[in-house]
Amino acid sequence: MASFSVEDFVGNGVLKDLLPTLLEEGWDDVPTLKVMNSEDMDAIKMTQQQKEAVEIRTYLHDRSLMQYGDRLESSGKCLPELLSLSVEDLTAQFHMKRGHIARFKDRNSSCADPLIKKSDAPSPSTSIKRTYQSNSSKRMQSMRSRTFQDKKIEEALSDFKIEEGYVFKGIVAAEPAGHRACACVQPPPIVDKVAPYSAIENISIQKLTPEYKIGMERLVKTKTPPMKASALWQNKPAIILCIRRPGCIMCRAEAHQLYTRKPVFDALGFQLFAVIHEHIESEVKDFWPRYWGGTVIFDHGRGFFKALGGGKLMKDKFLSGFLFNPRAIANYKRAKAMGVKQNFNGEGEIKGGLFILGTAKSGIAYQFIERNFGDWAPLSEVINICTKLQSQSQVPGSSIETSQ
């Protein structure tokens, strides 16, 4: 699976010596690095070989084939030349597996959510093109501003266009749970209302990792003190992804496909946080930054997870919730197709979900519950809500409906 470690992305080729420059100029995370345009590359004096290496590695990262990065780059061929090679050449020269060759040759697909339809998200907004606020240097701001105005961001947004009359899924899974095992097993009940803001603002949390940047230690060495959850979105709106289990193949796939849109969320001014309810250090190491490059939060009392369930934890058994549930099996196959690895360490019955929080005490703007194992909040809806929040924050006196 593609990693969000910048060192893993650049590999051992011609980009390796460029790491200090990338760090200095603010290209310090993989999602942002992947949307560099030619003007950005010229600004840091990239050679043609380095530009071609970025193109190759971006293409591989989108298809979870980074293990071939060094080999393909060292061939001296550009991406179009590599794509024109025969199956036999790719096997002989680069030892590429046949299944991976099929993925490599498919120019129209990537390892994002394969169930996403182009009619499922907001149209490009001029507000997306504005420079997002940053504490970094003015030079980095101007460079990233140009990047976010680049055609790639507009194309990403157009892929999530929500058409008139679209019915928001929100709250619960995109599809109903339905009967399981020929109606012999009933799905567990689920809350159908957004949690009140009071249910989450005072949750005690602990930061386990920072947002990943070049050269950063893989985990926070010093144990950070507990803090109130509301501090996360005090000055900036946030997306809170509640992970059922970091080693779960479906949870990893969900986290990965959400974090790949980091440049879009950066442009909209949103932070990204992943919340776990069980702290197993080895699992955090395997999860961050390979599948998630953002901050990882430990929810001691499982407050976020209780809020999703209306005050109590939502649980489901492996047998009834997965093996006898066609929807959960379909979700598993979706994640498997993305090339995600998995393990079975830790508690996996507590269901997760997602919150979108406005700044300070403005409330919960959106909530999604994992009704079936592996359900994801539709990216179209997430981006749409974030776009509305960002747009309305520009207009004095405007507001979006939130829970209080």
Side-chain angles (χ1 to χ4, degrees), residues 2-11 13-62 66 69 127-157 207 209-218 220 232 235-239 256 258-274 288-290 292-296 383 386 390:
S3 172
F4 286 117
S5 161
V6 178
E7 291 87 347
D8 291 343
F9 180 84
V10 303
V14 296
L15 295 174
K16 189 172 184 179
D17 292 337
L18 201 62
L19 277 175
T21 302
L22 293 173
L23 177 60
E24 181 182 353
E25 298 298 337
W27 303 101
D28 49 10
D29 64 69
V30 171
T32 305
L33 187 59
K34 287 169 62 178
V35 294
M36 291 183 79
N37 58 25
S38 57
E39 184 182 355
D40 299 322
M41 294 179 183
D42 290 338
I44 59 176
K45 298 180 173 58
M46 271 194 183
T47 65
Q48 184 59 35
Q49 189 179 11
Q50 289 171 331
K51 292 178 181 179
E52 291 175 354
V54 171
E55 184 180 21
I56 291 171
R57 290 180 178 276
T58 296
Y59 186 85
L60 294 175
H61 194 275
D62 285 342
M66 287 302 293
S127 64
I128 300 293
K129 301 177 184 178
R130 298 173 185 167
T131 307
Y132 74 100
Q133 296 300 312
S134 170
N135 294 323
S136 304
S137 67
K138 291 182 179 180
R139 184 177 182 185
M140 186 189 77
Q141 283 187 358
S142 64
M143 291 182 68
R144 285 196 174 184
S145 175
R146 292 197 304 269
T147 300
F148 294 141
Q149 293 177 25
D150 189 68
K151 185 178 178 182
K152 286 187 177 181
I153 294 296
E154 294 189 12
E155 289 176 349
L157 286 168
K207 286 188 178 181
T209 76
E211 184 178 347
Y212 181 79
K213 302 295 182 183
I214 294 176
M216 185 170 286
E217 291 290 337
R218 295 300 173 112
V220 176
L232 298 176
N235 301 311
K236 191 175 180 180
I239 296 173
H256 188 274
L258 182 65
Y259 196 76
T260 56
R261 275 74 181 188
K262 182 180 181 293
V264 175
F265 294 122
D266 280 345
L268 290 168
F270 277 77
Q271 309 169 85
L272 295 171
F273 298 100
W288 184 92
R290 176 165 295 279
W292 178 266
T295 304
V296 177
I383 292 176
C386 292
Q390 191 244 24

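The structure presented is a predicted model; accordingly, all values stated were derived computationally and were not measured.
- When each of Val30, Leu23, Val10 is paired with Ile214, the side-chain contact (heavy atoms from CB on, under 4.5 Å) condition holds for Leu23 and for no other.
- Taking the side chain as every heavy atom from C-beta outward, Val264 and Phe270 never approach each other to under 4.5 Å.
- Listed here is the closest heavy atom pair of Thr209 and Gly294: OG1-O, 3.5 Å.
- Nearest heavy-atom pair across Val54 and Phe9 is O-CZ, 4.4 Å.
- Within the 4.5 Å cutoff, the side chain of Asp40 has heavy atoms near those of the Trp27 side chain.
- When all heavy atoms of Tyr212 and Ser5 are compared, the pair lying nearest together is OH-OG, 3.3 Å.
- Checked against side chain to side chain donor-acceptor pair (under 3.5 Å), Gln271 has no partners two or more places apart in sequence or in another chain.
- Using cut-offs of 30° and 60° on the angle between ring planes, the pair His61 and Phe4 is tilted.
- Heavy-atom minimum distance, Leu268 versus Cys386: CD1-CB, 3.7 Å.
- Listed by chain and residue number, Lys213, Tyr259, Lys262, Thr295 satisfy the side-chain contact (heavy atoms from CB on, under 4.5 Å) test with Glu211 (two or more places apart in sequence, or in another chain).
- Atom CG of Leu33 sits about 6.5 Å away from atom OG1 of Thr58, to the nearest 0.5 Å.
- Summarising the geometry, atom CG belonging to Leu19 is positioned 13.0 Å from atom CD belonging to Glu24; distances are rounded to the nearest 0.5 Å.
- The minimum heavy-atom distance between Leu15 and Arg57, with the atom names listed, is CD1-CD, 3.9 Å.
- The shortest distance between side-chain heavy atoms of Pro210 and Trp288 falls below 4.5 Å.
- When all heavy atoms are compared, the tightest approach of Asp8 to Arg290 is OD2-NH2, 4.2 Å.
- Of the inter-residue distances, the one linking Ile383 atom CD1 with Gln390 atom CD reads 12.5 Å to the nearest 0.5 angstrom.
- Distance CD1/Ile239 to CG/Leu232: 13.0 Å, rounded to 0.5 Å.
- Taking Gln49 as the reference, Val14, Thr47 meet the side-chain contact (heavy atoms from CB on, under 4.5 Å) condition, with sequence neighbours excluded.
- Considering only residues two or more places apart in sequence or on other chains, Asp42 meets the salt bridge (charged side-chain N to carboxylate O under 4.0 Å, His left out) condition with Lys51.
- Here the CE atom belonging to Met36 is positioned 13.0 Å from the CD atom belonging to Glu55, to the nearest 0.5 angstrom.
- To the nearest 0.5 Å, the span separating OG1 on Thr21 from CD on Gln50 amounts to 8.5 Å.
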